[in-house]
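Within every chain, numbering begins at 1; the chains are lettered A, B, ... in the order of the sequence lines, protein sequences first and strands thereafter. Here the structure is a predicted model, which means the values were calculated and not measured.
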Protein chains: 2
Amino acid sequence: MAFEEQRSVQAPPALRAIVSTVIFTLKAGQLQVCLSARHSPASLPETAVSASQSLEDAAKEQIFQLTGHADAYLQQLYTFDMDAHSGNTLTVAWFALIAADKLATAEHADANWVDVLDMPQLSPRHSDIISYALQRLRYKIEYSAVAFELLPEAFTLRELQDAYMIILNDFRLDKANFRKKIREAQILEEIDQYRETRGRPARLYRFRDDAQLETKARRFFP
Amino acid sequence: MAFEEQRSVQAPPALRAIVSTVIFTLKAGQLQVCLSARHSPASLPETAVSASQSLEDAAKEQIFQLTGHADAYLQQLYTFDMDAHSGNTLTVAWFALIAADKLATAEHADANWVDVLDMPQLSPRHSDIISYALQRLRYKIEYSAVAFELLPEAFTLRELQDAYMIILNDFRLDKANFRKKIREAQILEEIDQYRETRGRPARLYRFRDDAQLETKARRFFP
DNA sequence: ACAAAAGTGTTGGGACTACACCCATGT
DNA sequence: ACATGGGTGTAGTCCCAACACTTTTGT
């Protein structure tokens, strides 16, 4: 290979790669992130990538070990570099979304769920990764329908709206307009069930199988 | 470290990481990509990442070797995995933008610039990377002002509009409306110079130092 | 009857599209 | 004078935020 390095007899220092996944869920009215309880201080999960495994499989396995579920929504975020200490280690960061009702509770004591708006102290690297994941998530729900990945199979429009407001940390969404937009997007279908509330019962909806997950981007610059 | 692997006496197979940059420029009315002329068949540039160098520096060096310039706009794209053949090699893909007037011409014969809409046959991996880079570039110019990275210091509004149309491969942009939007964005300042044309001379503009590169995202879902 | 929450209709203003028009230069 | 391309104004349309309103349930 043209760019291969010529080193002396000694083998070159091997590169290491780590996978770290920011797993989000929606619980207790908060957007929560899964930290690894194995370490102290708290940290994101870290798994060394073996040569025989794909990055995505490594991330999936990491999610499975922490949540007991392997079918979370998963997307690659960014690959971070060496910082002051890590030398020649690459961190491939991912983010994942999983609905709270899928989380097995008692087992998986390794998982430590914390409010993304009230995190314990982390290493700067891990803080950066989580901030970036949050930014990407916020960005993403504005042009696609991924918020559903955080809700149970059946949900009310109010719950969907709450999900948006919690993720965006902005509680000024107008109910009527929100509903209109969701209706027009044609991504939901009604269920013949209702959720009991303190007032009028709320109709339940589910996400349509054939829904278009990504709305086409509308140009706004220029 | 908790996740470190326990292997036998033999060292684990080392991971390799490669940096590949999709370098775009705007030349001859085309959006062009830089391929490496050293290989045949044609391919994206590939540089092995050494343990002592950051990924970004490796990408910058790659750009310098092909273009003679190191200050291109640079952004990480995605990290690809092993495919059928590559075994345990990670490819960290980047994309870069460089204005055509900065490209030194005679030297750097390694660089082979080709129209992104009329590429030679490449490996599937490299085709994927370029398609993805193009998609990200198109996406990006709709909410930020990176198109300027592909233009010379001074340019006319028509040239800017052409840049948009070429990148988007959509030539239906309305002149008047385009100008209005650019004006409102307040990212340009006039220069007291004009470009000769076959008709009325065109005013030259330059990008404002204090301009806001990213316009705030407007929500369109929901 | 009233509180609480679901659910809908209307309206005024702002943004975008389409298109017509004017301006400055060379031949 | 006219061709060429730069540069601008405007009217109609569509979209959207704000807000008021109706409906259905429990107490």
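In this structure, the CZ atom of A:F178 is 19 Å from the P atom of D:dC15, given to the nearest Å. Counting to the nearest Å, the P atom of D:dT8 and the NZ atom of B:K181 are 18 Å from each other. D:dG5 atom P lies 17 Å from atom CG of B:L157, rounded to whole Å. Between B:R195 atom CZ and C:dT25 atom C1' the separation is 16 Å, expressed in whole Å. Nucleotide C:dT11 holds its P atom 17 Å from the CG atom of A:D174, rounded to whole Å. Rounded to whole Å, the distance from CG on B:N177 to C1' on D:dG7 is 13 Å. One can place OH of B:Y194 at 14 Å from P of C:dG26, the figure rounded to the nearest angstrom. Atom CD in B:E184 sits roughly 13 Å away from atom P in C:dG14 (whole-Å rounding).
Contacts of B:N169 classified as side chain to side chain donor-acceptor pair (under 3.5 Å), with partners at least two apart in sequence or in another chain: none. In this structure A:R206 satisfies the side-chain contact (heavy atoms from CB on, under 4.5 Å) test together with A:E153, A:E189, A:I191, sequence neighbours excluded. Legend: residues meeting side-chain contact (heavy atoms from CB on, under 4.5 Å) with B:K27, ordered by chain and number and at least two apart, are B:T25, B:Q32, B:A100, B:L103, B:W113. Scanning for side-chain contact (heavy atoms from CB on, under 4.5 Å) contacts around A:D192 gives A:R203, with sequence neighbours left out.
Nucleic acid contact class of B:R179 (heavy atoms, under 4.0 Å, all strands): base.
Counting distance only, with no hydrogens placed and no angle test, the side-chain atoms of A:K180 and the base atoms of C:dT10 include a donor-acceptor pair under 3.5 Å.
Paired runs in DNA chain C that reach 3 or more consecutive Watson-Crick or G-U pairs, where each pair keeps both distances under 3.5 Å, cover C:1-27 with D:1-27.
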(message) A:R138 vs A:E142, test: salt bridge (Lys or Arg N to Asp or Glu O under 4.0 Å). Steps then yes/no.
(response) CA-CA 7 Å; A:R138 284 178 174 164; A:E142 307 218 341; over 6 Å; no

(message) Each nucleotide in nucleotides 20-27 of chain D should get exactly one letter: B, S or -. Can you fill that in based on protein heavy atoms under 4.0 Å?
(response) ---BBB--

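In this pair, A:Y164 and A:F178 present their aromatic rings perpendicular. The plane angle is above 60°, beyond the 30 to 60° band. Using the six-membered ring where Trp is involved, B:Y139 and A:Y143 have ring planes that are tilted, between 30° and 60° apart.
Listed pair B:R183 / D:dT8 meets the phosphate criterion, a side-chain N or O lying under 4.0 Å from OP1 or OP2.
Using a cut-off of 4.0 Å between Lys/Arg side-chain N and Asp/Glu carboxylate O, A:K60 and A:E56 are scored as salt-bridged.
Side-chain N/O atoms of A:Y73 and A:Q75 include a donor and acceptor closer than 3.5 Å.
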